[in-house]
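Here's the structure, in structure tokens; my notes come after.
Read the numbers this way: they start at 1 and go in the same order the structure lists the ligands and their atoms. Numbering of residues begins at 1 and proceeds along the displayed sequence.
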Amino acid sequence: MGFSTDAIHVGQEPDPSTGSIVAPIYQTSTYVQEELGKHKGYDYARTAHPNRRALERCVTKLEGGLTSYVFSAGMAAIDAVFRLLRPDDHVVVSQAVYGGVFRLTTQLLVQFGLQFDFVDTSCMENVRKAVKSNTKMIYVETPTNPTMIITDLAAAAKLAAERKLTLAVDNTFLSPYLQQPIALGAHIVVHSMTKYLNGHSDAVGGAVVLTRAEDAERIYFIQRSAGSGLAPMDCFLVARGIKTLAVRMERHNDNGMAIARFLESHAKVKRVLYPGLTSHPQHEVAKRQQRGFGAMISFDLGSLDAARRLLNNVHLCSLAESLGGVETLISHPALMTHASVPPDVRQKIGITDGLVRLSVGIEDVEDLIADLDHALAKV
Ligand SMILES: Cc1ncc(COP(=O)(O)O)c(C=O)c1O
């Protein structure tokens, strides 16, 4: 079946007991057993529940994996992936990852003996040089948040295969509609489902999509041991959001491109980072491995003062963390999403004080451009 058909139907079969077209929300913590050890597949909601299983089937199908597990947040999903490793194992990580991943790895997971090196994964030679005898995983975010750096996933998969490493990819910024890392050779895909998969800014969740049975078994063990699975109501909301993923992403693509072009032609904007523009250094790689360029755009206004003036003068774009919803959000990475990244590291990876990040929604693009134009006039 096609992508939209799968997004609408996989895991979403009508309820056989009532005929309800939408699967009910199983808001229960426990399940009655018919006799000792005999139940209908569910015994306790931390371990599994029908809404979680339904959503996992759908996410697995859309990413082309073997199986998936959905978590209470994107960070819980990413944490579970790193827990596949053992003390003294080493990971090569994309240099400009989401700030929360930087915090998780450098401030928490290092305490348990894991080692991380951060390199610019847009250049595979950097990754090759960073691989050590104890390296077990390459962890890539593409495009990166917020610097929009693209990693060539087929090249990363080739290197991972040569060195017998696991390739894990954060696919949050594009969603499976625009990029399918497993088809390009990744072993594991992670998502903050809080973003495009849900798409309506009303739930927090994460997903890990696996391709190998041994990883799947371990991830499920980690999830049920730690109790980090996603709750029924949130599974319901994300599953509902996924049904419109394809149409939303088409509109996000169109709006993203129109706004990137508008910003690039504006005199007050010093630089626009959007993989759909030919000025983007990895435009050709993005064109090859993505079905579209999405709606995440970062642009530099040259100073904190200029960024502040813009952020304080937009009306339709909302100043808020997060991304991937139907409404346009605008943020300041250095003081918001990436505040946990030390200033010298921020400088090194290009998160300047003048950098502004836009998550372009699916409103009428003329209204968004008018709002940005008005606010830029105040800069
Ligand atoms: C690329 C990326 N990965 C992971 C996360 C973490 O997801 P969550 O906020 O759902 O824990 C985020 C959050 O902004 C993100 O942007």
- [ ] Nearest heavy atom to atom 16 (O) of ligand 1 wins, so pick from Val97, Asn145, Thr194.
- [x] Asn145

Open item on the list: Looking at every heavy atom in both Ala7 and Cys58, which two are closest together, and how far apart are they?
Closed with: O-SG, 3.8 Å

TODO: Would you mind checking which non-hydrogen protein atom is closest to atom 15 (C) of ligand 1, with the distance to 0.1 Å?
DONE: Tyr98 CG, 3.7 Å

Open item on the list: Between Glu162 and Leu159, is there a side-chain heavy-atom distance shorter than 4.5 Å?
Closed with: yes

TODO: Please work out whether any backbone atom (N, CA, C, O) or any side-chain heavy atom from C-beta onward of Glu321 is under 4.0 Å from ligand 1, and answer side chain, backbone, both or neither.
DONE: neither

TODO: Report yes or no: does Ile78 have a heavy atom closer than 4.0 Å to ligand 1?
DONE: yes

TODO: Identify which of Asn198, Asp170, Val190 has a heavy atom lying nearest to atom 1 (C) of ligand 1.
DONE: Asp170

- [ ] Note the single closest protein heavy atom to atom 14 (O) of ligand 1, along with its residue, its atom name and the distance in Å.
- [x] Lys195 NZ, 2.7 Å

- [ ] Assess whether salt bridge (Lys or Arg N to Asp or Glu O under 4.0 Å) is satisfied between Arg261 and Glu264, documenting all intermediate values.
- [x] CA-CA 5 Å; Arg261 287 196 175 124; Glu264 198 171 46; over 6 Å; no

Open item on the list: Between ligand 1 and Gly205, can you find any atom pair, the residue atom being a heavy atom, that is separated by under 4.0 Å?
Closed with: yes

TODO: Determine, using ring centers only, whether Phe293 and His283 are less than 6.0 Å apart.
DONE: yes

Open item on the list: Tell me if a side-chain donor or acceptor on His49 pairs with a main-chain N or O of Ser29 at a distance below 3.5 Å.
Closed with: no

Open item on the list: Return the closest protein heavy atom for atom 11 (O) of ligand 1 as residue, atom name and distance.
Closed with: Met75 N, 2.9 Å

TODO: Test Arg52 against Asp234 for salt bridge (Lys or Arg N to Asp or Glu O under 4.0 Å), laying out the working first.
DONE: CA-CA 9 Å; Arg52 203 186 289 161; Asp234 296 314; over 6 Å; no

